[in-house]
Amino acid sequence: RVKKKLTDQQFQVTEIGNTDFRPQEKSAIVLIKERPSSDLTDVAHTLQSELHIPLKEKPAPLTASSTADILIILGDDFVE
């Protein structure tokens, strides 16, 4: 449902999967790149507004697809 909502709004969703550590209590939007561009930061802020999920620092044990720029974690606290 979230994928459809995002793709309907012209966001590109490249992969969907589960985290290695479950359950995730808190939802988060995480910028994967070390030094994201201002455009990428703007996209993250737009996602934050759309999904009502906070931006967070990338946790050390977190890994993501090598092609991902932004990771969205839907935790137990996520409400559609």
Cluster overlap [X] with [Y], hydrophobic side-chain contacts below 4.5 Å:
X   : Y   : value
I32 : L47 : no
V30 : V43 : no
L51 : L40 : yes

What salt bridge (charged side-chain N to carboxylate O under 4.0 Å, His left out) pairs are there with at least one residue in residues 71-80, not counting sequence neighbours?
-> R1-E80
According to the salt bridge (charged side-chain N to carboxylate O under 4.0 Å, His left out) rule, which pairs have a member within residues 39-50, sequence neighbours left out?
-> none
Test item: I72 and V2 side chains (from C-beta on) under 4.5 Å apart, heavy atoms | no
Heavy atoms, side chains only, cut-off 4.5 Å: are L31 and I70 in contact?
-> yes
Nearest-0.5 Å distance, NZ of residue K56 to CG of residue L71 | 12.5 Å
Rounded to the nearest 0.5 Å, what's the gap from CG on D69 to CD on Q12? Could you check?
-> 8.5 Å
Answer yes or no: are there more than 12 heavy-atom neighbours, outside E25 itself, under 6.0 Å from its atom CD?
-> no
Shortest non-hydrogen contact from G75 to S27?
-> N-OG, 2.8 Å
When every non-hydrogen atom of I73 is compared with those of I53, the smallest separation belongs to O-CD1, 4.4 Å
Does V79 sit in a hydrophobic cluster with other residues, and if so which ones, taking ILVMFWY side chains as linked at heavy-atom separations under 4.5 Å, directly or through other members?
-> none
H45: what forms a side-chain contact (heavy atoms from CB on, under 4.5 Å) with it, not counting sequence neighbours?
-> T41, Q48, L55
